Structures are given as C-alpha cells and as structure tokens.
Undergrad: 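Handing you this structure, nothing more for now.
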Amino acid sequence: MIKLSNVLKFSCIIVSTLVLSCALFLGCVHNNNDQKFNLIPYPSEIHATGGTYILPTNTLTFENGSVDAHFLTLIKSSFTTIEIKEGTKANISCEIVDSDTIKKEAYQLSINNNGVEIKASTHAGLFYGIQTLRQLIQVGTQGSSKIPMVEIVDYPRFKWRGMHLDVSRHFFSVDEIKQFLDYMAMNKLNTFHWHLVDDQGWRLEIKKYPKLTEIGAWRDNVGFSANQDKGLNRINSTPYGGYYTQEHVRDIVAYASDRNITIVPEIELPGHSAAALVAYPEYYCNNAGALKIWDQAGVSAGVYCAGKEQVFTFLEDVLDETMALFPSEFIHIGGDETPKDTWLACPDCRKRMKEEGAHDEHELQSYFVKRIEKYLNTNNRRLIGWDEILDGGLAPNAAVMSWRGVSGGIKAAEAGHDVVMSPMFPFYFNHTQNHLSSSPGHSGISTLRDVYTFPIIPEDVSEDNRKHIIGIQANMWSEYMPEFRHIEYNLFPRIYAIAEQAWSPSTRSWDDFYSRVQHRLDVVKEAGINVGEVSYHVDIKVKPNYSDKSADIEFISERSDAVFYTLDGSEPKVTSKLYTKTFVVSENAHIKAIQFKADETKTNVSEKEINFHKAFGKPYKLKYDHAPQYDGGGNYGLTNGFLGVMIGVEAKPIEVIIDLGELMKISKINARFKNQPMSWVFSPEKVSYAISEDGSEFKLVKEIIPEQKQSNVNEIVEFLGEFELSNARYVKVVAKNVGVCPDWHPAAGGKAWLFSDEIIVE
Ligand code: ACM
Ligand code: ZN
C-alpha cells in the first residue's frame, strides 16, 4: 500500500523561514527531556531535542508519488488545521521498514530541521505516527503552525485495545458508527466489539434468515421507561429499530480496517436471544411460552434450545454469513446471563443433558459453547465469550472477556486461556462518570480516575500466565443512551483513560494525565463533541483496621488539593478542615467531604458512615455465596463497619452466621438492605435474628415482617431488632429474598436480588 522510501524534503528557503519564524514565535525550546507534551495516549519514549519545526503555510508536503493515494486521503482526514498535499518540496516522509526493526503497530517519529519522518513496519504504525503528529502540531496565529522537535519511539502495551458498543438496545446509524471508529482511531484503540444482537433487537442482515431483521430488528416502541422519566427518549408510540445491511457492514469493516481497527462482531448465544426467537420461535424450547422483543433493561427468558439439532444448523448458518463479513480472528458469542431455567423444564434439553452427560444446566451451556467453538475453529476463527463461559467447563481454545470483576479473567489466564479484562467497575462506560442525576447512563459510577488508575494485571495471576492477558476493553451498553450524543457524553473524556491504559507503559501519573486531558478536551469541545462532565465527587476510601477498631480514611478526587471535610455529619465548607493526607478514625463517624472546582464553585457532598459496633471485623459464613461482582468491598462485606457498600445475592436468602470471637452481652441487631426495584433489588420479606453461645444451638430473638412487603421506592431499609440483654458469641441472620420480581414489575417473574451492606450488633 505504501510505496515510499526516504524522501527529502527541504530547500534553503524553508530553512531560512524556519530560523526566522523560530525567533518570531518564542525562541527555540532547548533540549529538555522533562518537557511534557499534551499527548494521549502518552508515547513509550519521547525526547525533546530542542527547537521547534515551523510549518510555514500550515502545510505538510509529501514528495510527489511517494504515498499511496488512499493513504494520503486517510491522512488528510486526520487533520483539520493544516493542509496535506503532494509536491516537490517535501517536509514529511513515511517509510515502511523491516519488522525486525520496528514491531507491528509501533512507529518512530522524528521532528527535526528536515521536517517530519515517520517509520513503521506496518500501515498501522504509520497511521499511529500520524495520530501522534496531529496532537503535536500547535496551530499558529499567523498562517504557520509549529511542531516541537522530538524523537519518539512508541509501541502499544496491549494487543487488544477495545471499545464496545451495544446497538441492540438503541440503534446507531452507519455514520455514527464511523464517528465512533474515528474516536477510537485517534486514541490508538484497535478493536471494536460490535454488540449486534440482543433481546431488544437483531441488527445484522442475514440473507438466509430474513425474518431476523424483518421482525427481529423492530420492537413496538423505543421503550426504556427510565429514559422516558428522564425525558431522554424519542417518541414512544411507534415501532423502534433498524439494522445494518451486509453492504453497510462491508463499508464499515473497510472503514475500520483503514484505521487499524478490527471489528469483532458479537452474536449472542444461547441467552439474550428474544429478538431472534420472536422471528424464529421454532428455535426456542418447546412449551416455554411466548416471547416478545424486549423494550426494557434486563434479560428476557429468550434462550436457544440446547436440545434441538436445527438450532445448531441455524446458528452455524448465521455464523457463516457473519464470518464472511468480518475477517476478525475472534468471533464473540456472548454466553452471559443465560436463563438456564428454561432448559431444565424442556424435554429436548433434558434429553441432550442425558446424552451428553451434562450434570446440570451449566454443563449444558458448556456443551453448547464447546460445540459452537468447534465450528468456529474449523473455520479458522477463535471464540471469545463473557466470563460465564467458564461455568460448567471452558471450551478448550476459548478466550474470556472478564466483566464480573477480574476473577473470571484470573481463572481463565491461570488455565492458559487468553483474557480481555473488562470489569464492569470501572470499564463499563454506560455507568455515569459524574454524580449528576441528569447524566444519561446506568446508575453505577465509573469516574475518569477510576478508569485511569484501575490495576489491569491482578497480582493473583502468576508471572508466567500474565502474557494471557492480551488486553482491555471498555463497554458501552446503550439502554440508557438513546442518542449518539449520549454515547459521546459517556465516551469523553474516559476514552482517554482506557486508551492510555491500553497503549502506554504501566507507570504513569494521574495528575499529569489529568492536566493533559484538560488540554485535549479544549480541542474536542472546539470540534463540537458532546463531552461528559468529569466527576467532582470525592470518593471516601475506608480501610478498616480490625485489630484496633479503627479505620484509615483517604479521599480520592480529581483535584486532590481542594477537598474539605467534617466527621460529625455537618455540611463541609471552605472553612472546614482541608484534606492533606490519609488519617485515622477510631470512633463512630459520619464523614462528609466536598471538592471545590477550579472556579471555586462547590460540588456535591460525599458521605460515608463508619460504625465500630460489636461485630466489626468479625468473620462470618454465608450459606449462599454472594455474586462475585457484589462482594461488599471484600471478605468482611457485612461486618466491615461501613455503610453503603453491599453484598448481593441472587434469588436466594442472605443467611449468615457471624462469630463474635467471644461471649458478649448484646441486645440489638440491625441488618440493613437496599430496595431498588428497577434494578431488580428488593428488601427482604422477612428477617429473623437468632443468637447462640456455642454455635450449634440458636435461640430466636426477633422476627421482623415488614407491613408493606414491596415498595417501589429506592431506599435503605433497616430491620432493627431489640431484645433482652443476652450472652452470645454467634449471631444468625436470615433474610428472606422475595424470590422473583412482583407482578407490577416490568420484569415480573425475573430473579430478584437481595443486597445488604452491614449487620450491626450492639
Ligand atoms: C454483561 O454485561 N452482561 C456482559
Ligand atoms: Zn430446550
């Protein structure tokens, strides 16, 4: 594609202009390797050699015929402030060199008196050199721009630098997808995980199964009541949907490929499949009831029958057309959140379980995924799936995308499988990045700083297996982002954090990054991008010290020099104590902290309560494990003294025995639960407290049944049980889960969650 060699470039006239302009501008910058440049992602090695190269007429000129026309067009589209052309007086050259000298995707960029030289062994490397150059150019005021003289040697930290976009929950046009790809390319992200299929709409034309898009791409209305409530949605009374024709897809794949982006399509199976099954109900389990194309968040009951042979024929046909469109090494098959209960009630699935020796529904899913993997492998493709594909036994060659925290990723890497780390906190960009109730997105918080500082390689992965962590990815689920401007809002500025985590060396400074982000934001705002407001929230970190009943308190915020706090629950002001460093509390505290913005306006107050009660730091045993992603902040989630961080258990009760370590006199137990129905979280329908001296014989001391069983209000519900002062070493709490979402709920019948932050014993 690039047929150039070293081309030069320069006449005496330009040299004299350079000297003159250099004096005019600022005097040349002298050699200073501590000098920082406003580059994101920051290069691996960069040296300022001193001086500034001037682009006299804001023009970069390639020697005539030295660059391929297609590449020249591509480069032109990367620049808005300067002109790129061909001519006789070249001042930029791009050279492809041997891959032994410069690795794939890497590049060397040199700005010197001769102008700009970029060397790489691939088209991708040259493209990335151009992206760095774009950020280095400082637009001048008098018809000439300048570029600091630097020598850069740059290469990526990870091979998979991913961004995901869900186009099922809301549909985005071809132009919007290209815009998204541009944002990725500018930041050296190279893998676009395109979530094309889900319960809420099938978005990929499959010629052999036209009903997938004729029927499966359209739902009755735009839906998502939470968006209606916020005023974010469009008209809600007409059919909503859309899909990409195969021609669109080919166009998008080529557009991405020019920008060194591989598109990994996701064809969700076996769950999240209502849209496909409404179009082709014959692939659903018999007698499983009717489905509709979902128009709310959550997971439908739609699952492909694992027993019917024709399901596999259908999926293989779909994958054939998918593979023909997407040349990617990997095909993503989903595999998350499968509603496996449907299988257990299906005679065909039961028969399959028996034939295949699958002991439970997880092993049946494993059979399903392994069979699909075999098909992909036969076609020289690799399978990647969400970390649930570990349950019941991982397919032999599968790669795992770890979203429920990093534990699935650790397990897979230790078993020698490739892993992409995409833990929902902080890498789900559908979580808001600030604490503004008006922001589009899911209700969790993943701030810019959270994304930037997240440790990618867990210490639990042994040295030898770290190579299996091939990359990272941020995900953009679109339930609560009906318009592309909402996507932009949640993408910027966090895209800078994921990009720098993915590309740059692991040793980096938050403060330095934050200041570079401010500079880049000025540029993108100027370009009209709808940039999200960063968080001005203070994250209050509490590290309990169980042995001496105290806790270390640390405040984390975007601006670390402007946080004020109180410990008695009163409102913090500029006259309150200024935070400087971590401190210790050893008495119950109601901490409130606030950050002031650069313009001195104040932001929202953060608060956290810590309670050094009698069960503080005491070990406990849960009868039913909490979900791995809702661990309450670690091993002592229910007794760590701080309120607000929850453990979560799905469908089962929270049944726990706490060991106080010695006999104590107690008269009060207060277990706290979350009620947040639209997230399928309900406070318990009954809570009982029992105590014991020996851990085997328990005496019931209180049973609490709330009058109103299920409310629709988001709140913390306390179940305070007071009783006669008694001797106890063990405390048993049983909180009954409501089991399923009630009739009035949009997901009536779906599995309900139970969340608790603390069991306070006094
Ligand atoms: C997922 O968020 N269900 C992968
Ligand atoms: Zn079935």
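Just follow the structure's listing: the first ligand is 1, and inside any ligand the first atom is 1. This structure is a prediction, so every number in the text was calculated from the model and none was measured.
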Undergrad: Should Trp386 be counted as touching ligand 1, given the test is an N or O pair under 3.5 Å?
TA: no
Undergrad: Within ligand 1, which atoms have a heavy atom of Trp477 less than 4.0 Å away?
TA: 1 (C), 2 (O), 4 (C)
Undergrad: Where is the tightest heavy-atom contact between Ile445 and Asp450, given as atom of each residue plus distance?
TA: O-OD2, 4.0 Å
Undergrad: Once the angle between the rings of Phe224 and Tyr480 is folded into 0 to 90°, is it parallel (under 30°), tilted (30 to 60°) or perpendicular (over 60°)?
TA: perpendicular
Undergrad: Please calculate the SG(Cys346)-the Zn ion (ligand 2)-SG(Cys285) angle and round it to 10 degrees.
TA: 110°
Undergrad: His272 to ligand 1: N or O pair under 3.5 Å?
TA: no
Undergrad: Report the nearest protein non-hydrogen atom to atom 3 (N) of ligand 1: residue, atom name, distance rounded to 0.1 Å.
TA: Asp336 OD2, 2.6 Å
Undergrad: For atom 2 (O) of ligand 1, find the nearest protein heavy atom and state the residue, atom name and distance (0.1 Å precision).
TA: Tyr428 OH, 2.6 Å
Undergrad: Please verify the inter-ring angle class for Tyr183 with Phe484; under 30° counts as parallel, over 60° as perpendicular, anything in between as tilted.
TA: parallel
Undergrad: Please work out whether any backbone atom (N, CA, C, O) or any side-chain heavy atom from C-beta onward of Glu337 is under 4.0 Å from ligand 1, and answer side chain, backbone, both or neither.
TA: side chain
Undergrad: For Arg382, which of Asn377, Asp418, Asn397 qualifies under side chain to side chain donor-acceptor pair (under 3.5 Å)?
TA: Asp418
Undergrad: Going by the angle between their ring planes, with limits at 30° and 60°, are Tyr209 and Tyr280 parallel, tilted or perpendicular?
TA: perpendicular
Undergrad: For a side chain to side chain contact (heavy atoms under 4.5 Å, CB included) with Val400, tell me which candidate from Leu383, Ile384, Asp387, Val420 qualifies.
TA: Asp387
